[in-house]
Amino acid sequence: MCGIVGYIGHRESYPIIIQGLKRLEYRGYDSAGIALLNGGLRHYKCKGKVSDLEKVSEGQNIGGSIGIGHTRWATHGIPNDVNSHPHVSQSGRLALIHNGIIENYASLKEALVRRGFHFHSDTDTEVLVNLIEDIMIGEDIGMEEGVRIALNQVVGAYAICVVDKEQPDRIVVAKKGSPLVIGIGQGEYFIASDATPFIEYTKNAVYLNEDEMAVIQLGAPLEVRSLNNNKLVDPYITKLQMDLEAIEKGGYDHFMLKEIYEQPRSIYDSLRGRLLVDRGIIQMAGLEEYKEKFLHADRIIIVACGTSWHAGLVAEYIFEDLARIPVEVEYASEFRYRNPIIGEKDVVIAISQSGETADTLAAIKLAKSKGATIFGICNVVGSSIARETHAGAYTHAGPEIGVASTKAFTAQVSVLSLIALYLGKENGTIKSSDFQRMLIELNAIPSKIERMLESDKTIREISARFKDSHNFLYLGRSYNFPVALEGALKLKEISYIHAEGYPAAEMKHGPIALIDENMPVVVIAPMISHYEKIVSNVQEVKARNGRIIAIVNKADTEIRATAEYVIEVGDTMDVFTPLLTTIPLQLLSYHIAVMRGCNVDQPRNLAKSVTVE
Ligand code: AGP
């Protein structure tokens, strides 16, 4: 996701836009830019933060009372000056900023190239601004109609602002799938991805609806239209109640909670364009290019740290079960120093949300130097790890601000599941009918999570009951053993309660000595294969007076009869259970940490990205 800001009114637009972009840097911060109408169209942009943009525009002509600005979170094209927004049309007449993804940009670009357009960037946004220009010239129409016709040719998500140096008294905006709000002041209008950039100027706001556009003109009332039929829409003015900080967090108390609730969207975005259920196929360019390396690999070595390492453990189960390719999962910090045996027939998958974790980066450099093929799963386009790999597949989870990783984990597991499915199909180790069923089921995961997030009342009750515990145990089997580790890490890192995750069957080899009436034991027990085994494990804990909190399916009866508390999760195929069972554990750790008065988003001693050894 990116941040967009616009201003038109009686004040200087530059300072308002720059301040607004700084407030939106949580939405995207790999590059920034601004376009100003002041007797001409001027634009300044660069890789880096808004403060870098200020340096670039220092001393330049930054006057004027109409402007648009952008902070980027790259999805197409690495972060660099050329790919930064605004993008200007070929004639230099239009400037456009965009938050979203245009899925059919390649075909639109081909048509424009045939019509004589040249492109400088790798972005989908540059295609859109030239499509609008092409239509305006071809049909001899103004910017408003040109934008509307162009957007009816676009497939994808967008929130855009467009300015035209030949119509220097207006800004045209449009929305589909990405947020856009218009602040209505006294003789001035503000435009932004959320209300933080203008909250101190006005509390009157119009949130554009899907498939709507607006013409925002100096001295004229706001004109909102339907993109589909161009009919005028009566704008609904909302009176904003939230303060600045609350808006940044989307109304949630913490970024972590916001990111937990973003997971249906972040998983959908990570699967979009790759999981094509209607066609019954998986499309992943980087993977397809290296599929022979995967299919003929001696083994896949997964290197990662922390939560990303847990995603790697889930992947080990999935890859070996579905694609029958040997997998090893290594802590990057250990792998890089233990003089590992690495060959040219090894494929190394590096998993990293930040793409900057020093141990993971060093591990893949070592593997690369020994001839292995390196494949990256990163959440930051153009990050150091992404640039070090031969190929990769980005998670499109959007910026993850909370130090405790949540949506990045489920996005990683989603993408890794796609890869395993693809390789299993190519390997012939997944029957075609099973493959289709799995595609359909994976596609349904976001809506299943949506339903689970509707009520976390039970989780709050449990949190209140156990917030003062000194220790927790988390138990899981099969695909859910890594989830037990992840649940324990979440609790540890934000509530500072000691917690350990174990394979449920491992209890009898020592840890069961810890069980007594003071030990909360979270058991992750969906009704998947070997369910009867975990029922026994739960009874072993119960027999020693452990306090059992069970994550179960609706149809479960046996564990419900034994557990003190149960949290229900949706039903799904064994292989996809981690995507569902992780969610209540994220919420449990969140609520306990809040009740303990901990700094949930920035826990003590921790950094969001460990770029040091
Ligand atoms: C997880 O909640 C922690 N923030 C931490 O373990 C994190 O997963 C680890 O540092 C790896 O970070 P990365 O995914 O950015 O490489």
Side-chain angles (χ1 to χ4, degrees), residues 30 73 254-260 262-263 266 270 302-315 329-336 348-365 374-389 392-416 474 482-497 499 501 578 582-583 585-590 592-593 598-613:
D30 58 45
W73 179 264
H254 299 94
F255 279 112
M256 181 181 175
L257 188 60
K258 173 173 173 278
E259 288 150 12
I260 289 171
E262 280 178 344
Q263 289 177 109
S266 50
S270 295
I302 296 175
V303 294
C305 301
T307 286
S308 297
W309 184 80
H310 295 150
L313 277 184
V314 175
V329 184
E330 299 264 1
Y331 278 118
S333 54
E334 284 298 305
F335 183 74
R336 62 180 292 198
V348 172
I349 297 179
I351 306 172
S352 177
Q353 187 286 129
S354 62
E356 299 299 341
T357 299
D359 286 324
T360 307
L361 182 58
I364 60 177
K365 285 182 175 175
I374 316 297
F375 193 89
I377 310 278
C378 294
N379 195 42
V380 180
V381 174
S383 55
S384 304
I385 290 172
R387 290 199 309 273
E388 193 62 35
T389 62
Y394 285 116
T395 49
H396 291 304
E400 186 177 68
I401 309 299
V403 165
S405 187
T406 50
K407 64 176 183 174
F409 173 75
T410 48
Q412 290 164 348
V413 172
S414 300
V415 171
L416 288 159
Y474 286 72
V483 176
L485 298 177
E486 173 58 12
L489 176 61
K490 287 282 98 47
L491 186 70
K492 273 184 278 201
E493 67 176 325
I494 64 173
S495 73
Y496 318 143
I497 294 175
T582 300
I583 307 298
L585 305 187
Q586 294 169 345
L587 288 169
L588 182 67
S589 60
Y590 171 79
I592 289 176
C598 296
N599 183 339
V600 171
D601 284 331
Q602 286 145 2
R604 68 185 183 195
N605 311 338
L606 293 178
K608 181 58 186 170
S609 175
V610 183
T611 56
V612 295
E613 300 192 6

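As the structure lists them, so they are numbered: ligands from 1, and atoms in each ligand from 1.
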| said: Checking a contact table here: which protein heavy atom is nearest atom 3 (C) of ligand 1, and how many Å away? | reply: E493 OE1, 3.4 Å
| message | Tell me whether V403 reaches ligand 1 (any heavy atom closer than 4.0 angstrom to a ligand atom). | response | yes
| request: Scan for salt bridge (charged side-chain N to carboxylate O under 4.0 Å, His left out) pairs involving residues 393-415, sequence neighbours excluded, and state none if there are none. | output: E262-K407, E400-K608
| field | Note, L489 side chain near T307 side chain (heavy atom, < 4.5 Å) | value | yes
| field | Distance from atom 16 (O) of ligand 1 to nearest protein heavy atom, with residue and atom | value | T357 OG1, 2.5 Å
| For atom 6 (O) of ligand 1, which protein heavy atom lies nearest, and how many Å away is it? | G306 CA, 3.2 Å
| query | Who's the nearest protein heavy-atom neighbour of atom 8 (O) of ligand 1, and how far? | reply | T307 N, 3.0 Å
| note | Taking only non-hydrogen atoms of A404 and a 4.0 Å limit, the atoms of ligand 1 in range are 2 (O)
| said: What protein heavy atom lies closest to atom 10 (O) of ligand 1? Include the residue and the distance to one decimal. | reply: V610 CG2, 4.0 Å
| query | What are the atoms of ligand 1, with element, lying closer than 4.0 Å to any heavy atom of K490? | reply | 1 (C), 2 (O)
| message | Show me which atoms of ligand 1 lie under 4.0 Å from any heavy atom of S308. | response | 8 (O), 13 (P), 14 (O)
| task | Just say parallel, tilted or perpendicular for the rings of H254 and Y590, cut-offs at 30° and 60°. | result | perpendicular
| Does the side chain of T582 reach to within under 4.5 Å of the side chain of V413, using non-hydrogen atoms? | no
| Nearest neighbour in protein (non-hydrogen) for atom 9 (C) of ligand 1 | C305 O, 3.8 Å
| Under 4.0 Å to a heavy atom of S405 - the qualifying atoms of ligand 1, by number | 1 (C), 2 (O)
| request: Using a 4.5 Å cut-off on heavy atoms from C-beta on, say whether the side chain of W73 contacts that of N379. | output: yes
| Do S384 and E356 get their side chains close enough for a donor-acceptor pair, meaning under 3.5 Å? | yes
| query | Do I377 and I349 come within less than 4.5 Å of each other through their side chains, counting heavy atoms only? | reply | yes
| field | Q263 versus T410, side-chain donor and acceptor atoms under 3.5 Å | value | yes
| message | Need the ligand 1 atom indices (1-based, order shown) with element for anything under 4.0 Å from a heavy-atom of S352. | response | 13 (P), 14 (O), 15 (O), 16 (O)
| message | If you define the side chain from C-beta out and look only at heavy atoms, does anything of V314 sit under 4.5 Å from L416? | response | no
| With a 4.0 Å heavy-atom cut-off (strictly under), which part of K608 contacts ligand 1: side chain, backbone, both or neither? | neither
